[in-house]
Amino acid sequence: QVQLVESGGGLVQAGGSLRLSCAASGRTFSSDAMGWFRQAPGKEREFVARIRWSDGNTYYADSVKGRFTLARDNTKNTVYLQMNSLKPEDTAVYYCAAGSRVADSRYTYQYWGQGTQVTVSS
């Protein structure tokens, strides 16, 4: 099993920044990448970004590209989501997830954190 513990959510003014952290423990060797997802009330869960453990390769959803940045600390088994230039539409519960590669750049996410609320005011 992989356990994920998140921190860093909160309330921020539009244009501000937050950094989310997700620490992984347990069978971390079974995961190839860490992904971030978000879900706003009444909306579908959407993919935000992911980072590969092995080489730090990143991929971002178009909606956050240029504003959000992923980083990893393999020694700490921790990933960070730096969120800059936040917009009200970024308001959601953010979840981190541990994933395994299934093909090219496709991942399946099997383990999930508890989620952390990010609220961006106008």
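In this structure, Thr119 OG1 and Leu86 CG are separated by 10.5 Å, a value rounded to the nearest 0.5 Å. The OG atom of Ser122 sits 13.0 Å away from atom NZ of Lys87, with the distance rounded to the nearest 0.5 Å. In this structure, CH2 on Trp53 lies 8.0 Å from CZ on Arg72, to the nearest 0.5 angstrom. To the nearest 0.5 Å, atoms CZ (Arg38) and CG (Leu81) are separated by 9.5 Å. Expressed to the nearest 0.5 Å, how far OG of Ser100 lies from CZ of Arg106 amounts to 15.0 Å. In this structure, Trp36 CH2 and Tyr95 OH are separated by 12.0 Å, a value rounded to the nearest 0.5 Å.
Residues Met83 and Asp90 have side chains not in contact (no heavy-atom distance under 4.5 Å, counting atoms from C-beta outward). Considering only heavy atoms from C-beta on, Ser31 comes within 4.5 Å of Val2 through its side chain. Annotation: side chain of Thr91 is in contact with side chain of Gln117 (closest heavy-atom distance under 4.5 Å). Arg52 has its side chain within reach of Tyr107: a pair of non-hydrogen atoms, C-beta onward, lies under 4.5 Å apart.
Arg101 contributes no side-chain N or O that, together with a main-chain N or O of Thr108, makes up a donor-acceptor pair within less than 3.5 Å. Distance alone, capped at 3.5 Å, places no donor-acceptor pair between the Glu6 side chain and the Cys22 backbone. Side-chain atoms of Asn84 do not come within 3.5 Å of backbone N or O of Ser17 as any donor-acceptor pair. Proximity of a side-chain donor or acceptor of Thr78 to a complementary backbone N or O of Lys76 within less than 3.5 Å is detected. Arg67 places a side-chain N or O within 3.5 Å of a backbone atom of Ser85 that can act as its donor or acceptor partner.
A search for ring pair (Phe, Tyr, Trp, His ring centres under 6.0 Å) contacts involving Tyr109 returns Phe37, not counting sequence neighbours.
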Next item on the list: Kindly indicate, with the supporting measurements, whether the criterion side-chain contact (heavy atoms from CB on, under 4.5 Å) is fulfilled by Leu4 and Met34.
Entry: CA-CA 10 Å; Leu4 305 174; Met34 295 291 294; 3.7 Å; yes
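By the 4.0 Å N-to-carboxylate-O rule, Asp62 lies close enough to Lys65 to be salt-bridged with it.
In this model, no donor atom of one side chain and acceptor atom of the other lie less than 3.5 Å apart for Arg19 and Tyr80.
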